[in-house]
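It should be emphasised that the depicted structure is a prediction, and the values quoted were computed from it without experimental measurement.
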Amino acid sequence: MIGGDYRTTMAGHQGTNSLLPHEKRIGLFNRTAFDVTSDIQIYGQVSWNRYQGQSFYQQTPSVGVTIQPDNAYLRTYYPAIAAQVKAPFTIGTSNDGYPAPGSNNTRKVLRLVGGADGKFMLFGKNWKWDAYYQHGVTKSHQELTNTWNTARMALAQDAVIAAAGNAAGVAPGTIICRSTLANPTNGCVPIDRLGLHGGPSAAALAYIYGGQQPYRNETIKEDVASVSTTGEVFDLPGGPVAVALGGEWRKEQIAGSVPTDFQPVHNANGTTTNNWLYGNYLPNFGKYNVKEGFVEVDLPVLKGVDLNAAGRYTDYSTSGSVQTWKAGGTYTPIPDIKLRGTYSHDIRAPNLQELFAAGTARTNSVILPGNSPLGAGSFQFVESTIGNPNLKPEKANTWTAGVVLSPRFAPGFSVSFDYYDIKIKDAIGTITSQNTVDFCYSGATAYCPNIVYSGGALSQIVVQPFNFASQREKGFDTEASYRTDLSAISANLPGSFNIHTEITHYIQNVIDNGIVVRNYAGVNGGSLSGTYSAPSWVYRVSAFYNINPWTFNLVARGFGSGVYGNEYVECTSGCPLSTVQNLTINDNHIRGATYFDASVSVKIKAGGHDADLSLVVSNLFNKDPVPVGNGPDGNNTAAYAQTNRTLYDVVGRVFRVAASFKF
């Protein structure tokens with residue numbers, strides 16, 4: 001089998017920034033198999049994918065910009081103020097007029113698989129086996145765009161008016177960098193941080209961006225060896241007992257490279273100097289391996305009563321061994337009704353980035369409270385995001401109970417309902433810089449070492465994942481489907497129609513990080529929701545019409561309205577004191593959204609072989625994302641800055657074309 005997929009995406013939304021994000025994807029796939037005997041088949045599989053995407057951030061405001069009393073633009077545009085200024089002062093600026101910063105990333109993925117499968121007889125029963133080895137390589141290039149060099153910006157914003165007979169040899173009255181007076185060939189181009197006045201010149205932008213922008217190259221490798229077998233052993237009153245067992249070895253590793261010019265500088269006094277507004281990459285290095293074995297048993301003890309159980313032993317080179325298991329069963333009193341339930345103990349191990357991320361740095365700002373060393377106010381700092389090699393696997397206990405109805409009086413129709421309750425210990429998560437500050441100065445001193453002061457200023461806040469105390473989630477899933485041949489309605493109607501509906505209701509999603517307890521169920525966005533928000537209702541309806549060789553599909557997907565945070569107090573007057581645990585907000589409502597997708601596919605013959613062609617359109621009506629306000633903690637200012645991108649579509653209408661061929 002050979003397949004190919006090419007996709008190009010361009011955002012359908014455009015705001016004040018004329019630059020549009022875009023994506024390009026291309027994928028190739030081949031699988032070749034050979035029957036050695038009637039019982040043994042060997043196969044090889046190769047796939048290659050390439051992704052390139054350009055995206056843009058909101059323009060980040062700057063605070064703490066130092067202006068000297070003899071600043072050329074101050075004296076030119078604000079002479080009355082300049083006459084009164086005798087010492088350096090700091091300002092904040094929205095940086096309007098600068099091109100939006102962003103990223104231009106490329107990722108290439110190669111996956112090779114070689115294996116064999118077959119069948120044999122054991123205990124007088126048919127058994128199957130499968131073994132394979134997989135090698136995967138991902139090469140990524142992460143590059144920033146329109147991010148300035150902080151040292152160059154400091155020189156450029158320190159602009160003065162050249163006096164007669166200056167060392168640079170420029171005409172008196174010319175606006176020039178102060179540094180150029182001492183070093184006439186340093187190439188510095190002055191820039192105005194006080195206002196637009198036509199905006200930064202192309203030469204000034206070229207100087208502060210410094211030509212080549214920060215980038216990091218990474219190579220991620222995964223090797224997997226697996227063997228498994230399934231079969232039947234003996235019979236019970238309800239049917240044959242089935243067994244599956246096997247083992248797997250997996251190795252994952254990451255290695256990177258970053259030119260020295262784009263890395264942060266570690267100073268002798270223990271502080272860090274970041275040369276770029278964003279990025280300041282460090283190369284990531286790390287690896288781990290996993291060895292595991294599993295067994296699963298299905299026991300049809302009576303007709304209509306099935307029990308199943310499974311166990312898995314896993315050993316991680318980074319965190320040791322864990323055991324996971326599950327047990328469940330189904331009961332079918334009549335063909336129309338099936339009752340089902342499970343109880344399981346599961347884990348999720350930390351990934352390469354969570355364990356070994358060497359760090360990236362960016363300029364950010366936070367609001368410090370009055371009991372901080374600098375007092376109350378908004379302060380700029382360097383935010384460093386790093387991994388945590390001491391992370392342990394998450395552990396979860398889950399139980400579910402549900403029912404499936406397939407009424408015989410309505411052929412083709414079925415509906416199911418399942419309730420779930422998940423309790424997680426040592427959940428892996430990250431809190432924001434603002435949360436780090438809030439927790440530290442409200443008594444959670446464990447967070448204070450992540451806040452670094454240097455030279456009487458806020459220097460750095462370190463953000464890294466850690467094992468939360470606990471997380472608990474409750475909710476239910478409902479599915480319904482119906483399929484019918486249209487000839488059942490009228491003999492003259494061709495084709496078939498089916499519709500499938502999925503609805504999830506999140507009742508509770510409580511995170512206890514050992515400091516505060518928050519319920520994120522029904523939270524659609526806001527800076528405090530992080531990655532844990534879960535809308536109260538999520539739904540998806542898919543309708544298909546099949547008329548050989550064509551298939552038409554229409555999907556409606558979306559979620560209900562929600563809030564910024566369940567802990568917020570909504571009020572407009574007579575508000576209580578706003579605290580870290582219970583912030584006040586004038587409007588705690590965020591609209592939900594519904595999106596429509598459509599596709600059409602056709603089966604054709606190409607060169608005597610079967611082929612499929614398809615066209616897919618996501619966000620058919622180019623629906624805009626819901627604007628999300630600044631939020632009570634003041635982390636961002638742009639209307640879409642805190643929009644939950646895991647929920648809302650922020651790209652716009654997307655077209656995809658795909659083709660696959662069978663040989």
Would you please test I26 and W48 for side chain to side chain contact (heavy atoms under 4.5 Å, CB included) and show each step?
CA-CA 8 Å; I26 185 170; W48 181 84; 3.7 Å; yes

Report the C-alpha separation of D223 and Q134 in whole Å, then their side-chain angles, then the decisive distance to 0.1 Å, and conclude whether the side chain to side chain donor-acceptor pair (under 3.5 Å) test is met.
CA-CA 6 Å; D223 290 272; Q134 170 190 299; over 6 Å; no

Could you walk me through whether V290 and T314 pass the side chain to side chain contact (heavy atoms under 4.5 Å, CB included) check?
CA-CA 7 Å; V290 185; T314 307; 3.4 Å; yes

Stepwise side chain to side chain donor-acceptor pair (under 3.5 Å) check, N95 with S62:
CA-CA 7 Å; N95 292 319; S62 296; 2.9 Å; yes

Please lay out, stage by stage, how K287 and E222 fare under the test salt bridge (charged side-chain N to carboxylate O under 4.0 Å, His left out).
CA-CA 10 Å; K287 62 182 179 180; E222 182 185 62; over 6 Å; no

Evaluate the criterion side chain to side chain donor-acceptor pair (under 3.5 Å) for residue pair S344 and D346; output intermediate values, then yes/no.
CA-CA 6 Å; S344 65; D346 310 288; 2.7 Å; yes

Take Y98 and W148 through the ring pair (Phe, Tyr, Trp, His ring centres under 6.0 Å) test and state the conclusion after the steps.
CA-CA 10 Å; Y98 292 77; W148 63 65; 5.7 Å; yes

Show your reasoning for whether side chain to side chain contact (heavy atoms under 4.5 Å, CB included) applies to E473 and Y420.
CA-CA 8 Å; E473 185 175 312; Y420 64 86; 3.3 Å; yes

Does the pair R111 and Q45 meet the rule for a side chain to side chain contact (heavy atoms under 4.5 Å, CB included), with working shown?
CA-CA 8 Å; R111 180 173 178 264; Q45 185 173 301; 2.8 Å; yes

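Here the side chain of T150 pairs a donor or acceptor atom with the backbone of N275 at under 3.5 angstrom. The backbone N or O of S103 sits less than 3.5 Å from a side-chain atom of Q54, completing a donor-acceptor pair. Put simply, the side chain of Q213 gets close to the backbone of T147: a donor and an acceptor are under 3.5 Å apart. The main-chain N or O of P465 is found under 3.5 Å from a side-chain atom of N388 such that the two form a donor-acceptor pair.
D426 and K392 are not joined by a salt bridge, as no carboxylate oxygen comes within less than 4.0 angstrom of a charged side-chain nitrogen. Ion pairing between a basic and an acidic side chain is recognised when a charged N comes within 4.0 Å of a carboxylate O; E502 and R540 show no such pairing. We find that K603 and D610 are not joined by a salt bridge, their nearest charged nitrogen and carboxylate oxygen being 4.0 Å or further apart.
Scanning both residues, S601 and S614, for their nearest heavy atoms gives CB-CB, 3.7 Å. When all heavy atoms of R216 and L282 are compared, the closest pair comes out as NH1-O, 2.9 Å.
In this structure, R31 forms a cation-pi arrangement with Y43, its terminal cationic atom sitting closer than 6.0 Å to the ring centre and no more than 45° off the ring axis. Cation-pi contact between R152 and Y207: present, with separation from the ring centre below 6.0 Å and deviation from the ring axis of at most 45°.
For the 3.5 Å distance criterion, the side chains of N546 and T551 qualify, holding a donor opposite an acceptor. T32 and N30 are linked by a side-chain donor-acceptor pair at a separation below 3.5 angstrom, with hydrogens and angles left out of the test. No side-chain donor from either of N105 and Q142 sits under 3.5 Å from a side-chain acceptor of the other. Judged purely by distance below 3.5 Å, without hydrogens or angles, the side chains of D477 and T504 pair a donor atom with an acceptor atom. A side-chain donor-acceptor contact under 3.5 Å links E383 and S433.
Counting non-hydrogen atoms of neighbouring residues, nucleotides and ligands closer than 6.0 angstrom, the NZ atom of K291 exceeds 12 such neighbours. For W550, the CH2 atom counts as loosely surrounded, since its 6.0 Å shell holds 12 or fewer non-hydrogen atoms of other residues, nucleotides or ligands.
A distance of 9.5 Å separates CG in L391 from CZ in F356, rounded to the nearest 0.5 Å. In this structure, E296 CD and R312 CZ are separated by 9.0 Å, a value rounded to the nearest 0.5 Å. Here CD of Q471 is found 5.0 Å from CG of N509. Values are rounded to the nearest 0.5 Å. In this structure, Y539 OH and F559 CZ are separated by 8.0 Å, a value rounded to the nearest 0.5 Å.
Here the two rings, on F621 and F596, have centers that are under 6.0 Å apart.
Using a 30° and 60° split on the angle between ring planes, H141 and Y215 fall in the tilted class, from 30° to 60°.
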